[in-house]
Peer 1: 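I'd like to ask you about the structure that follows.
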Protein chains: 4
Amino acid sequence: MAVDSRERVRAAAVKLFAGKGFHGTGIRDLAQAAKLSSASLYHYMGTKEELLAGIMRESLERLLEAATLVSGGVADPRLRLGNLVALHVMTHAVQPDETRVVDNEVHALSAVAKRTVVKLRDDYELLWAEAIDAGIAAGAFDTARPAVTRLALLEMCSGVARWYSPRGPLTLDQLAAHFAELAMRALGCAGIGGELDLERCRTVVSQVWKVKLRGTGGPGGAGPYPD
Amino acid sequence: MAVDSRERVRAAAVKLFAGKGFHGTGIRDLAQAAKLSSASLYHYMGTKEELLAGIMRESLERLLEAATLVSGGVADPRLRLGNLVALHVMTHAVQPDETRVVDNEVHALSAVAKRTVVKLRDDYELLWAEAIDAGIAAGAFDTARPAVTRLALLEMCSGVARWYSPRGPLTLDQLAAHFAELAMRALGCAGIGGELDLERCRTVVSQVWKVKLRGTGGPGGAGPYPD
Amino acid sequence: MAVDSRERVRAAAVKLFAGKGFHGTGIRDLAQAAKLSSASLYHYMGTKEELLAGIMRESLERLLEAATLVSGGVADPRLRLGNLVALHVMTHAVQPDETRVVDNEVHALSAVAKRTVVKLRDDYELLWAEAIDAGIAAGAFDTARPAVTRLALLEMCSGVARWYSPRGPLTLDQLAAHFAELAMRALGCAGIGGELDLERCRTVVSQVWKVKLRGTGGPGGAGPYPD
Amino acid sequence: MAVDSRERVRAAAVKLFAGKGFHGTGIRDLAQAAKLSSASLYHYMGTKEELLAGIMRESLERLLEAATLVSGGVADPRLRLGNLVALHVMTHAVQPDETRVVDNEVHALSAVAKRTVVKLRDDYELLWAEAIDAGIAAGAFDTARPAVTRLALLEMCSGVARWYSPRGPLTLDQLAAHFAELAMRALGCAGIGGELDLERCRTVVSQVWKVKLRGTGGPGGAGPYPD
DNA sequence: CATGAATGAGTATTCATTCAT
DNA sequence: GATGAATGAATACTCATTCAT
């Protein structure tokens, strides 16, 4: 029961912070969404800001762990980056609320908490940077401004959280593959889509976030974006 | 004096809404930033929400006008999209606060205001969609999922507002050219950078936003992002 | 405790609204009078206007119920009106704050609440109108302008709330009897004072308003009005 | 022009204070109704409270003067009181806003201003008291509680300001005559309506308030109260 | 004569948080 | 574990009033 409540609070916070922003979400909103009184809320959380910080830290830790799992030991920089892109896109598609909170609510953090979060984010981006640099060093990638390109690709992939719908025409794998292809093109590198380990990415996302995924299952109907 | 104050309020709101979010910005913050008492603020604005809505509407109207100016009458879809990309990137680089407010604070709008803003955004995106569709129809572009690619590119370009610094190593033109190149690659289309009318984009941004631009001037020193 | 506070808030509101008017009473005044912080006030009320509307509605419902109790089943229109007058006067003497709020603060109500209150007031006045009309039809009453006379009598009786003091020389019964006599004279009808059921009126007032009445007890000393 | 504005302010204040109460009327409401900016308002008034006090004092002075004019030198107490009643009713019918402000907004006055106003009110009521006492002494009036009866009659007559409409079926003279009759009945004194000097009352009201009256002209159509 | 600009103090209401039960 | 009660501080916004122009 306690665990249940704790999770309900966490889940409510993620959804509300994503939808209305940290400052736009009141403690009463949280209580209502978690089916608890606002006083009871405080059995399961510290302050509202600690709740936010916990969500962000945990989300980034999961992303970082997942990224390590899908990129570690992959020698080919192209595949390494491809997996990173696929994972990032899948994560943002499957957990849009968590990722939007991470991406949009840093400003609401205290200086101390911000430091932690920014550090995690930097560690994560380093994986991308290393893959890109390695690809350039190996002559596989071609881009005049690696850092700019990295930022461009990260933003492109993070944007998925803002528009992807699981009820749309794309499966997770199709989505991830398309973005991996876009990334490779951006880096001047012909399609290696067939060699991506999408299943591994899916499995990792599923494990790290403890969610079930519909896998490669077909589309679920007309979504909010046309194709 | 009145005009001055009105503009100070608007400018303060843009900066604060961008930095701390609409709900994170108090009327006292606004007053302090505008060097006015909180009561005096109300000589120059309606409600706080109307202030936000005004900023968003005006920003989108300017973007839409600018986009029409740089894309209208450009027959080649590649050049048309290239100009749209360059303009979008320049706008987000030059006016990062306005564009971040537009991109991040829609949730704070009332239903009525939201409708207006979403309509403007849709009109704007239509210009991109038409250029991409025309490019595909003409055989110039190659992408399996035009709509997904469009969203990916838009997010990629909008992200510029989150990290670009005018004090960094890239000039506006270099930035815009790089993103145009990324877009063309994403659409499977060889570099046409040389034919982009970057000067026209710069002029339009400058006029529409009534700001002076450093033009193609060299880099200003080390920025917050490495290259 | 909760009930206590709720009642304290209601009682404070009645007294203050009566004395200084709705708009003249601040939320801080209410809080102070209810011995609560202004924030705590909101545990026991909705908005300030809902508090007012609740007071007015409840007061009118009680008055209407009481009037029905003392006039229902009384065949003789003279006695029926006499009882209505006695009840009205007693109510205004015993609950001057509630009745003054009802009589003076309608303008502070929102359109919706106003409708409800006016409807109740109309229902109540209908009892008077019916008794007067019946008395005329029966030849017991004689007045050229029944509607005008009704309004005149109502205002005359309501005025009691503005000047009567329980510490004055008149008991409730004496007051009520005097006004019943005035009403009968106004309707050209010889004194029937002896037949009025003042005790029933007193009992009904006492029950409906849940107050103890000194009954027919003698005067308590010199009051604010001379006799 | 100045005089015009001053009168517009006064007129606006009377109407608004009567309709929404002193505390319910903002300085901006006054400015709008007087077609002036809120700053300009202060060319024609002191503080808002002084404006109210001025209105109340002046209204009471006019009423007192008028009452003196219609009752002075009238030997018969029945006629004297009859004239006072007729004048009071006419005044409340013709100037409902002024009289309602006087009757309802005393609580908004400062202690000093309240003293003046209460003194004037007492002086005025003394005229009624003297007439009633004289009538009793002369054996013309019969009432057990002269003071209570006086208060009852005053409230009855003042109520006219709350419901009379000049567009209703009663002319001023009919209204005044009816109330004089009610008063006489209340005082146990047969009809002396025919001897009332209604024309004199009308003239005095007209002069004192500087208004034109439709005189005894017929009814203007269906009004808000039936007869 | 008229007003836009300005504001300190105030408005009603909500905030996140604590605590006794 | 759960919550009704409570509140100091904050919220967005309005008040009556002044004054320079």
Peer 1: Rounded to whole Å, please give me the gap between CG in D4(C) and C1' in dA5(F).
Peer 2: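 It works out to 13 Å between those atoms.
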Peer 1: Find the distance Q32(A):CD to dC15(E):P and express it as a whole number of Å.
Peer 2: 12 Å
Peer 1: Please state how far atom CZ in R8(A) lies from atom P in dA2(F), giving the value in whole angstrom units.
Peer 2: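 Rounded to the whole Å, the gap is 8 Å.
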Peer 1: Between dT13(E) atom P and L52(C) atom CG, what is the distance in whole Å?
Peer 2: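 These atoms are roughly 12 Å apart.
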Peer 1: May I ask you to test the M56(C)-L120(C) pair for a side-chain heavy-atom distance under 4.5 Å?
Peer 2: no
Peer 1: Rounded to the Å, how far apart are L51(C) CG and dT11(E) C1'?
Peer 2: 16 Å
Peer 1: Can you pull the salt bridge (Lys or Arg N to Asp or Glu O under 4.0 Å) pairs that have at least one residue in residues 108-121 of chain D, sequence neighbours excluded?
Peer 2: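 Non-adjacent pairs meeting salt bridge (Lys or Arg N to Asp or Glu O under 4.0 Å): D103(D)-R121(D), K119(D)-D123(D), R121(D)-E125(D).
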Peer 1: For DNA chain F, what dot-bracket results from Watson-Crick or G-U pairs at under 3.5 Å, with [ ] for crossers and | for inter-strand partners?
Peer 2: .||||||||||||||||||||
Peer 1: For E58(B), what residues pass the salt bridge (Lys or Arg N to Asp or Glu O under 4.0 Å) criterion, not counting sequence neighbours?
Peer 2: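 By the salt bridge (Lys or Arg N to Asp or Glu O under 4.0 Å) rule, E58(B) matches R10(B), R62(B).
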Peer 1: Output the rounded distance in Å from CG (L16(B)) to P (dT11(F)).
Peer 2: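 My rounded result for the distance is 13 Å.
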Peer 1: Check the distance between dA10(F)'s C1' and L30(B)'s CG and give it to me in whole angstrom.
Peer 2: 15 Å
Peer 1: Would one find more than 12 heavy atoms of other residues, nucleotides or ligands at under 6.0 Å from atom CD of E49(A)?
Peer 2: yes
Peer 1: Any chance you could measure L41(C), atom CG, to K48(C), atom NZ, to the nearest 0.5 Å?
Peer 2: 11.0 Å
Peer 1: To the nearest Å, how far apart are L41(B) CG and dG8(E) P?
Peer 2: 13 Å
Peer 1: What I'd like to find out is whether the side chain of I27(D) reaches to under 4.5 Å of the side chain of M45(D), using heavy atoms alone.
Peer 2: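 A side-chain contact exists here, since the closest heavy-atom pair is under 4.5 Å.
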Peer 1: Could you give the distance from CG (L51(C)) to OH (Y42(C)), rounded to the nearest 0.5 Å?
Peer 2: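 Interatomic distance, L51(C) CG to Y42(C) OH, rounded to 0.5 Å: 9.5 Å.
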Peer 1: According to salt bridge (Lys or Arg N to Asp or Glu O under 4.0 Å), does anything in residues 12-36 of chain D pair up with another residue at least two apart or in another chain? List the pairs.
Peer 2: K20(D)-D29(D)
Peer 1: Partners of E61(A) by salt bridge (Lys or Arg N to Asp or Glu O under 4.0 Å), sequence neighbours excluded?
Peer 2: none
Peer 1: If the sugar-phosphate is the primed atoms plus P, OP1 and OP2 and the base is the rest, what is the B/S/- string for nucleotides 12-18 of chain F, using protein heavy atoms under 4.0 Å?
Peer 2: SBBBBBB
